Amino acid sequence: MIFILDNKELNVTWGKIYIIWNKMIAMRQLSVKHRIVVIFILFIIIPSMAFLYISISSYSQYALDSIITEKQSIMEQINKNISYQFDNYEDMTMTLYHNAQTRVYIDSEDYSSDSVYIQQFLSSIVNSEKHVVSAILNLEGRKFISGYNYLNQVEFFDKFRQQVTDKKGKVVWIPTQNLSTSYHNNVKNFAMARAVNSPNRSVGELWLFFDVNFFDDVLDNRSLRASSDVMIIASDKHVISSTDKMQTGFISGLDYLEDIEYGQSGHFTYMDPDKKEEYIAIYSYSPVTDWTIVTATPQKVAFRAVDNIK
C-alpha cells in the first residue's frame, strides 16, 4: 500500500521530526542527574498518577453503583412489605361480605334501622389493628363509625367519593390528608376505601383511616435512612410520609421530584441549589398503592471511602 503526502502534510511531518530531534539533542546535553530526573518523571511519576486517577475514578463509580443498588434493593423490599400489609387490610374488609349478618343487612338495601353487626364489624377492625384509627361505613344516608369522628369528613368524602365509586368495589388508597377530630385535634391520616355493593347496585362506601406513623415502622431501616431524606409520594407529588414531618400531607415543592418517572423505578443525580451539593435521588414505584418511595443522599456519603483512599 502506498501513501502519497502533499507538501503541507510533509511539512507537518518534518516539523514533528525536527522537534523530537531537538529534544533528543537537548536530553544528551543534560547531566546524568538531570537525565535520571526526567526519566523518573516520564516513566514513573506520570504513569503512576495516571494509574491512580483511573483507579480512583473506577472505584468512585463502583461506590456510586453500590449505594444505588443497595438502596434500590432495600426500597423494593419495603414496597413488598407495604404491599403485603395492605393486601391483608384489603382481605380484612372483605369479611364484611363473608359475615352472614352483615351481608344480609347490606343486601336488604333497607338501612332505615340500625345494625349492631355492622357496628361490631367496624369496632373489631379498629380495636385489633393498631394503625387503624377510624372505620366508617356509609350506606345511603346511614353512617356507622368506630374510632375518630372527623369534623371535616363531609368535605373529605365529597372529594374522593367519585374516585372510589368508579372503581366499583376495588380498593383505592388515598394519600395522607390533614383532618380534624371531634376533639379539635389535627391529625394526619391516609385512607383505604372501597365501594360497597348489594347484588343489584352500589349502596355505599367503606373507609379505613390509618395513622401516618404506620410508615415509621416500615421505613425503619438504618441503611436507607442514614444520611438520606426519605419520602413516599403520589404521582401529583402529594407527600404520604416523609422524614421531614412538615411535608407530610402536602404537595411537595421540591424541584428534583420533577425528574422522577412516575410508574417506574430508577435514579438520577441533581444539584441542591441551597446547599450547593450533589445528591443521588433513587426511587422505587409500587403498583399496589400507585405511590413511589424516594431517597435523596449526598454524593459525599457514597464517596466517603473514596476520599479516605485519596
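All residue numbers refer to positions in the sequence shown, counting from 1. Worth saying up front: this structure is predicted, and the values here are computed from it rather than measured. Both backbone and side-chain heavy atoms feed into the values below; hydrogens, waters and symmetry mates do not.
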For atom [atom1] of [X], decide whether the heavy atoms of other residues, nucleotides or ligands shown that lie under 6.0 angstrom number more than 12.
X	atom1	result
Tyr84	OH	no
Phe214	CZ	yes
Asp255	CG	no

Quiz prompt | NZ/NE/NH1/NH2 to OD/OE distance under 4.0 Å, Glu90 and Arg194 | solution = no
Quiz item: Are the ring centres of Trp207 and Phe160 closer than 6.0 Å?
Solution: no
Self-check item: Check: Tyr256 ring centre within less than 6.0 Å of Tyr283 ring centre
Solution: no
ILVMFWY cluster, [X] and [Y] together (side-chain gap under 4.5 Å):
X	Y	value
Ile280	Val230	yes
Leu151	Phe156	no
Ile232	Tyr89	yes
Phe268	Val294	yes
Met75	Trp173	yes

Minimal non-hydrogen separation, [X] against [Y], with atom names:
X	Y	value
Thr297	Lys71	OG1-CE, 3.3 Å
Gln177	Pro175	NE2-O, 3.0 Å
Ile240	Thr176	O-OG1, 2.6 Å
Asn197	Lys168	ND2-O, 3.6 Å
Tyr270	Ala281	CE2-CB, 4.0 Å
Val239	Gln247	CB-O, 3.4 Å

Quiz item: Do side-chain atoms of Thr102 reach the backbone of Leu96 as a donor and acceptor pair under 3.5 angstrom?
Solution: yes
Quiz item: Got a donor-acceptor contact below 3.5 angstrom from the Lys188 side chain to the Thr248 backbone?
Solution: yes
Quiz prompt | Under 4.5 Å side-chain linkage, directly or through intermediates, the cluster mates of Tyr117 | solution = Val116
I'd like to check [X] versus [Y] (side-chain heavy atoms, cut-off strictly below 4.5 Å). Are they in contact?
X	Y	value
Tyr148	Asn189	yes
Val203	Arg201	yes
Tyr262	Asp290	no
Asp216	Lys245	yes

Rounded at 0.5 Å granularity, tell me how far [atom1] in [X] sits from [atom2] in [Y].
X	Y	atom1	atom2	answer
Lys237	Ile251	NZ	CD1	8.5 Å
Asn138	Lys143	CG	NZ	5.5 Å
Glu76	Ser286	CD	OG	11.0 Å
Ile125	Gln120	CD1	CD	12.5 Å
Gln72	Asn79	CD	CG	11.5 Å
Phe157	Ile136	CZ	CD1	4.0 Å

Self-check item: Worked verdict on Val126 versus Phe209 for side chain to side chain contact (heavy atoms under 4.5 Å, CB included)
Solution: CA-CA 9 Å; Val126 174; Phe209 293 85; over 6 Å; no
Self-check item: Qualifying residues under side-chain contact (heavy atoms from CB on, under 4.5 Å), relative to Asp107, sequence neighbours excluded
Solution: Arg103, Ser198, Pro199
Quiz item: Partners of Asn152 by side-chain contact (heavy atoms from CB on, under 4.5 Å), sequence neighbours excluded?
Solution: Tyr150, Glu155, Leu179, Ser180
Quiz prompt | Residues Asn81, Gln77; criterion side chain to side chain donor-acceptor pair (under 3.5 Å); working and verdict | solution = CA-CA 6 Å; Asn81 293 341; Gln77 187 58 51; 3.2 Å; yes
Practice problem: Let me know which of Val132, Asn127, Leu206, Leu208 forms a side chain to side chain contact (heavy atoms under 4.5 Å, CB included) with Leu122. | Solution: Leu206
Exercise. Please determine, by modelled atom types, if Ser112 and Asp110 share a side-chain donor-acceptor pair under 3.5 angstrom.
Key: yes
For the pair [X] and [Y], name the ring-plane relationship: parallel under 30°, tilted 30 to 60°, perpendicular over 60°.
X	Y	result
Phe144	Tyr105	perpendicular
Phe86	Trp291	perpendicular
Phe210	Phe190	parallel

Exercise. For side chain to side chain contact (heavy atoms under 4.5 Å, CB included), just list the numbers for Leu137 and Val196, CA-CA rounded to whole Å, side-chain angles, deciding distance to a tenth of an Å, and then say yes or no.
Key: CA-CA 9 Å; Leu137 178 63; Val196 176; 3.7 Å; yes
